[in-house]
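This report concerns only the one structure given below.
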2 protein chains.
Amino acid sequence: MDTNSPSTPALRPPGRPIGRPREFEIEEALDKAIVVFSERGYHAASISELKEAMGLAAGSLYKAFKDKKAIFLASFDRYKQVRNALLESEIAKGENGRDKIFRMLRFYAEASEGETGRRGCLVVGTATELAIADADAAERVRLSHARSEALIESLLREGQADGTIAAGVDPPQTAKILLCIMQGMRVMGKTGADTGHAFLVAETAMKLLD
Amino acid sequence: MDTNSPSTPALRPPGRPIGRPREFEIEEALDKAIVVFSERGYHAASISELKEAMGLAAGSLYKAFKDKKAIFLASFDRYKQVRNALLESEIAKGENGRDKIFRMLRFYAEASEGETGRRGCLVVGTATELAIADADAAERVRLSHARSEALIESLLREGQADGTIAAGVDPPQTAKILLCIMQGMRVMGKTGADTGHAFLVAETAMKLLD
DNA sequence: ATAATTTGGAAATGATCGTTCCCAAATAGG
DNA sequence: CCTATTTGGGAACGATCATTTCCAAATTAT
């Protein structure tokens with residue numbers, strides 16, 4: 001006997017919200033916005049450009065997001081989520097601490113080459129363009145850097161524990177310079193002259209683990 | 001006997017140009033513009049802001065410079081000139097190749113700390129904000145990077161020649177990563193949390209010379 | 001069915017942007 | 001002294017910006 005008959009349909013899922021349903025996926029739209037913000041930066045990315053890239057009218061945009069800054073912050077958060085997921089799955093393939101560090105460096109090197117390199121990193125772009133003027137943006141950049149630094153540090157300790165990284169290496173200090181190198185690769189990638197440049201940097205950086 | 005008497009005054013200095021003389025020093029005005037462009041970036045720096053910072057009216061600005069982009073490029077060139085002069089005089093104090101490399105790293109570390117760190121580097125800002133959209137800006141960034149890389153490489157060779165840098169160090173490869181570190185320091189400096197951070201990075205980087 | 005609510009889409013809005021124009025002031029040449 | 005030229009300064013201009021408004025369409029709830 002089915003007690004939840006048509007008499008109590010209000011307790012079904014959270015149910016579909018009332019009103020006309022949204023005709024686009026927010027995350028798909030944000031993925032398009034990420035490209036625009038990465039290539040053009042925050043200020044040069046106009047609502048017109050975002051509209052066209054995201055395939056939305058102004059009305060729809062402003063019903064989904066409070067204002068331009070909200071679109072940007074949502075794009076930033078989505079960017080971090082996607083990139084972090086990719087990075088973590090790459091690191092997970094590593095066999096030991098040293099290998100994991102190398103995979104992380106290679107991950108950034110690959111992103112710094114070719115078209116994605118020219119497109120740029122949203123974190124680096126936000127740091128340089130918005131950190132000084134917008135507290136919310138600055139806080140997101142700080143959090144991103146802090147988490148990366150903590151991740152690197154833990155991988156360094158893992159490497160020291162499994163014997164693949166020299167005991168003399170100072171994890172906090174080395175984590176700082178490795179993060180610095182990854183950010184630097186993204187800057188160099190914006191005008192990336194020669195291909196393979198970033199991979200050479202990644203390999204050379206491994207010297208810091210000896 | 002003075003043949004260039006008042007009869008041929010046209011051969012005196014290049015002489016003062018005709019018309020009302022300019023009442024401000026272009027280089028002083030550019031120094032103010034550099035601060036605005038560094039802090040705000042190209043697009044967020046409005047002509048109104050530049051006018052106020054440079055102490056000029058719109059008319060005067062546009063008589064001295066073709067357009068906003070020309071103000072920016074002149075600021076960039078001035079920035080490079082001033083910073084390069086400071087860097088070279090710092091490097092000149094070095095006693096050997098290794099010491100010169102360390103002084104260069106310290107020079108970037110100092111610029112990455114505190115208020116100048118938060119203000120940011122005009123080269124890094126130009127790379128991230130303009131390189132993809134403006135060929136002139138991109139070319140200047142590429143030239144700046146190429147010259148820095150060449151300078152570092154020559155210092156590395158100097159250090160190998162005087163015995164302060166290990167012979168096993170690969171100058172081109174190590175120059176690339178050191179430049180990468182310097183650019184990265186400037187990115188980290190934008191949200192610079194803890195002071196001294198950049199100096200620790202500079203010291204750790206010296207490990208790459210062993 | 002009807003009301004309530006939310007979205008899609010395009011037109012309208014006010015602000016600000018970069019740039020030009022205009023006139024008075026300052027200089028050089030004749 | 002007069003003309004030509006250049007700058008200083010501010011008003012004026014058209015374009016574009018981010019945002020709002022308005023109406024038809026789509027959905028849920030009653």
Side-chain angles (χ1 to χ4, degrees), chain A residues 4-29 32-33 36-37 40-75 129-130 133-134 137, chain B residues 6-29 32-33 36-37 40-75 129-130 133-134 137:
Chain A
N4 327 22
S5 330
S7 59
T8 57
L11 286 185
R12 267 182 296 152
R16 196 192 303 207
I18 68 176
R20 178 170 173 172
R22 185 172 282 139
E23 293 177 6
F24 63 97
E25 293 294 325
I26 289 230
E27 298 192 336
E28 283 178 24
K32 310 296 182 66
V36 176
F37 280 128
R40 310 262 296 144
Y42 176 78
H43 288 101
S46 70
I47 297 289
S48 297
E49 273 176 291
L50 290 166
K51 267 169 44 185
E52 188 168 3
M54 301 167 86
L56 300 176
S60 306
L61 247 188
Y62 278 87
K63 272 154 196 161
F65 304 97
K66 177 175 167 286
D67 52 20
K68 185 184 175 183
K69 182 177 157 180
I71 306 173
F72 180 80
L73 293 181
S75 299
E129 191 185 359
L130 290 180
D134 188 287
Chain B
S7 56
T8 57
L11 286 186
R12 265 183 295 153
R16 198 192 301 204
I18 67 175
R20 178 170 173 172
R22 183 172 283 139
E23 295 176 5
F24 63 96
E25 293 294 327
I26 288 230
E27 298 193 335
E28 285 179 23
K32 310 296 182 64
V36 176
F37 280 128
R40 309 264 294 145
Y42 177 78
H43 288 102
S46 70
I47 296 290
S48 298
E49 273 177 290
L50 290 167
K51 268 168 45 185
E52 188 168 2
M54 300 166 87
L56 300 176
S60 306
L61 247 189
Y62 278 86
K63 272 153 194 160
F65 303 98
K66 176 175 168 286
D67 53 20
K68 185 184 176 184
K69 181 177 158 182
I71 306 174
F72 180 80
L73 293 180
S75 298
E129 190 185 0
L130 290 181
D134 187 288

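Only this structure's heavy atoms are used, side chains among them; waters, hydrogens and symmetry mates stay out. Within every chain, numbering begins at 1; the chains are lettered A, B, ... in the order of the sequence lines, protein sequences first and strands thereafter.
- As judged by a 4.0 angstrom heavy-atom cut-off over every strand, A/A58 is placed among the base-contacting residues.
- If you take CD1 on B/I71 and CG on B/L50, they are separated by 5.5 Å, rounding to the nearest 0.5 Å.
- For the pair A/F24 CZ and C/dT7 C1', the computed distance is 9 Å after rounding to whole Å.
- Summarising the geometry, the separation between NZ on A/K63 and C1' on C/dG8 is reported as 6 Å, rounded to the nearest angstrom.
- Distance A/Y42 OH to D/dC17 P: 13 Å, rounded to the nearest Å.
- Between B/H43 and B/L130 there is a side-chain heavy-atom pair separated by less than 4.5 Å.
- Heavy atoms from other residues, nucleotides or ligands lying under 6.0 Å from NZ of A/K32 number 12 at most.
- Atom CZ in B/R16 sits roughly 5 Å away from atom P in C/dA28 (whole-Å rounding).
- Toward the 5′ end of DNA chain C lies the nearest nucleotide of B/I47, the other residue of the pair B/I47 and B/P21 mapping further downstream.
- Comparing C/dG18, D/dG10, C/dG8 by their closest approach to the side chain of A/S60 singles out C/dG8.
- Residue A/R22 places at least one side-chain N or O closer than 4.0 Å to OP1 or OP2 of C/dT7.
- Along DNA chain C, the nucleotide nearest to B/E49 and the one nearest to B/G59 differ in position, and the one closer to the 5' end is contacted by B/E49.
- At whole-Å resolution of the value, CZ in A/F65 and C1' in C/dT7 are 14 Å apart.
- Note on B/A44: nothing from the nucleic acid sits closer than 4.0 angstrom, heavy atoms only.
- Judged by a 6.0 Å distance limit and a 45° cone about the ring axis, A/K69 is not positioned over the six-membered ring of A/Y42.
- The backbone N or O of B/E49 lies less than 3.5 Å from no partner atom in the side chain of B/E52, so there is not a single donor-acceptor pair.
- Rounded to whole Å, atom C1' of C/dT27 lies 9 Å from atom CZ of B/R20.
- In this structure, CD of A/E23 is placed 5 Å from P of C/dG8, rounded to the nearest angstrom.
- Side-chain proximity of B/I18 to D/dT19, D/dG8, C/dA28: nearest is C/dA28.
- Taking atom NZ of A/K51 as the reference point, atom C1' of C/dG8 lies 12 Å away to the nearest angstrom.
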